[in-house]
> 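If you scroll down you'll find the structure; I have some questions about it.
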Amino acid sequence: MATKYIFVTGGVASSLGKGIIAASLARLLKARGYSVTNQKLDPYINIDPGTLNPYEHGECYVTEDGAETDLDLGHYERFTGVPTSQANNVTTGRIYKNVIEKERRGDFLGKTVQVIPHITNEIKDRITALGNTGNYEFVITEIGGTVGDIESYPFVEAVRQLKWALGNNCIVIHLTYIPYLAAAGELKTKPTQHSVKALQQQGVQPDIIVCRTEKPLTRSVREKIGLFCNITGDCVIEDGDVSSIYEVPIKMRDEKLDVQVLNKLNVPLKNEIDLTKWEAFLYRLHNPEKEVNIALVGKYVELPDAYKSISEAFIHAGAELRCKVKVRYVNSEQLNEENITERLQGITGILVAPGFGTRGIEGKIMAVRYARENKIPFFGICLGMQCAVVEFARNVLGYADAHSVEIAPSTTHPVINMMEEQKNISNMGGTMRLGAYPCRLEKGSKAYEIYGTEMISERHRHRYEFNNQYIDEFRKAGMIPTGFNPETGLVEIVEIPEHPYFVASQFHPEYKSTVMHPHPLFIAFVKAAMNFRANQ
Ligand code: GLN
């Protein structure tokens, strides 16, 4: 079968959940027995979101091959279990960079290089490259932003050209918002009509319209949207409010989104959809028997999207254990000796989050100390592990000025140091230790017990590392490195066996947690938090 291309565009408002709709559709097509991949095209000029402050765009998600990508790729992986890569996230910056490099090489010699056709060709190449791998029957491409934004014009134009060229092998799904006006007691379709008009003005006719709405869409509302937008009423899909994003695949199945998509593309429905396991997950999620309160200590707490993969990993692990994981976001910048007990009141587990730079660092180190001394289950991720190492060096080894050289370059005890190969790099974009690396676990360690295997692979995103010169001192004093990179000997995990649960990793386990495969480190941590409560 020729690869089918499905585009997801958005209108009326941002944050309607295009990524969730795209991921849910992928889940349904996969359940029908098709191979699917999701792609996100981002209209901003950064080459990738790696250099963006999380306040700008939420978390930066890291793929196996070390691409720093949009957080929607996290949704794709969590919903489908299909790994993504650099090819699955393309920004305007990357498109232009490539075109300009080609121009400098002389690839367009003699020609004026223009948005159409050169930029649009580059966009189309990035889309079809996924289909040309031969690995996927469906490529679902989400266009970031909303239709009508100046910066998304070239993307929509590329969609128009592809739709023309691919004919029946390509469809466009447009996601819009249908506001409910309480005063009129009515759902209003006009914004949707306008947004579809904007799309049509750019030469693109949507095939299916998915409507975010707080109230059910009546038949007549569907018919009305269909009439104004040149589609049939059964191609108007209701996307109502749900208590969890993981309900959306079920909703879309009930609304027959996948059936409409397959019909439009002239593809057989193939298998009946079996979402039994997914529904069992939802049942466990909505029917918890216990509850834990976890403190997530970080500096981006006003914007939970900054820690998206972590909060989702807690949802997966909580459902697995039938335990509601309540995450309390604790601002590390505001933590001090006077308020820490009050801020962490009732907490049964402390996670110190990943991050960069000095802001809020002492609060994170204080939170580690609080967890270590009060024997509260502790989980440190990346900078969180580095803080755990610094805290131990200061308060157990007695090195008062111990620090990471990221924060204190002239510390006399650089327990977290810069890797040799990082020292001569001055560019900030894409230059960290990124992506999947193998890790060997020490037999008899907690990590080994949790993973149940010796060799694991996890994803990284950092410049600084545990300084192996201190390894023996840490070991003797009770903080044990238990996971190592087999080639370089870099420390990937530390634990304190004397503590009921103290495990920290240099890598980011949260990127690999999915609905169907909750991450063992999150499960183990939540379990420890449940036990801590039971012992109180
Ligand atoms: N800032 C630290 C480093 O670069 C940790 C990074 C992180 O937490 N992702 O090593």
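Atom set for the values below is all heavy atoms of this structure, side chains included, hydrogens, waters and symmetry mates excluded. As the structure lists them, so they are numbered: ligands from 1, and atoms in each ligand from 1.
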> Does E77 come within less than 4.0 Å of R459, counting only side-chain N to carboxylate O?
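Here E77 pairs with R459 in a salt bridge, since their nearest N and O are under 4.0 Å apart.
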> Under 4.0 Å, counting heavy atoms only: does E465 come that close to any atom of ligand 1?
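Contact check E465 vs ligand 1: negative.
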> Please report which non-hydrogen protein atom sits nearest to atom 7 (C) of ligand 1, along with the residue it belongs to and the distance in Å to one decimal place.
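Ranking protein heavy atoms by distance from atom 7 (C) of ligand 1, first comes C382 SG, 3.0 Å.
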> Which option, M385, H462, E406, owns the non-hydrogen atom nearest atom 2 (C) of ligand 1?
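Shortest heavy-atom distance from atom 2 (C) of ligand 1: E406.
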> Quick check: G357 and ligand 1, any N/O pair under 3.5 Å apart?
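No.
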> Cation-pi check for Y437 against R433: NZ or CZ below 6.0 Å from the six-membered ring centre and within 45 degrees of the axis, yes or no?
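Positive - R433 is close enough to the ring of Y437 and near enough to its axis.
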> Consider ligand 1: state whether an atom of it lies below 4.0 angstrom from any non-hydrogen atom of M432.
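No heavy atom of M432 comes that close to ligand 1.
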> So which protein heavy atom does atom 10 (O) of ligand 1 come closest to, and at what separation?
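The protein heavy atom lying closest is Y464 N, 2.9 Å.
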> Atoms of ligand 1 less than 4.0 Å from H508 heavy atoms?
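Those atoms are 9 (N).
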> Got the closest protein heavy atom to atom 9 (N) of ligand 1, with its distance?
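The protein heavy atom lying closest is R461 O, 2.9 Å.
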> So which of F474, F502, F466, Y470 actually passes ring pair (Phe, Tyr, Trp, His ring centres under 6.0 Å) with F392?
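Only one option passes, and that is F474.
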> Can you tell me if NZ on K277 sees more than 12 non-hydrogen neighbours from other groups inside 6.0 Å?
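12 or below, so no.
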> Say whether Q506, considering both its backbone and side-chain N or O atoms, lies within less than 3.5 Å of an N or O atom on ligand 1.
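So ligand 1 has no N or O lying under 3.5 Å from an N or O of Q506.
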> Identify, for atom 5 (C) of ligand 1, the protein heavy atom at the shortest distance, and state residue, atom and that distance.
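Heavy-atom neighbour on the protein nearest atom 5 (C) of ligand 1: G355 O, 3.3 Å.
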> Would you check whether L383 has a nitrogen or oxygen atom less than 3.5 angstrom from a nitrogen or oxygen atom of ligand 1?
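N/O-N/O distance under 3.5 Å: yes.
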> Got the closest protein heavy atom to atom 4 (O) of ligand 1, with its distance?
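For atom 4 (O) of ligand 1, the nearest protein heavy atom is R463 N, 3.0 Å.
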> Could you walk me through whether F379 and Y501 pass ring pair (Phe, Tyr, Trp, His ring centres under 6.0 Å), step by step?
CA-CA 8 Å; F379 189 6; Y501 189 92; 7.3 Å; no
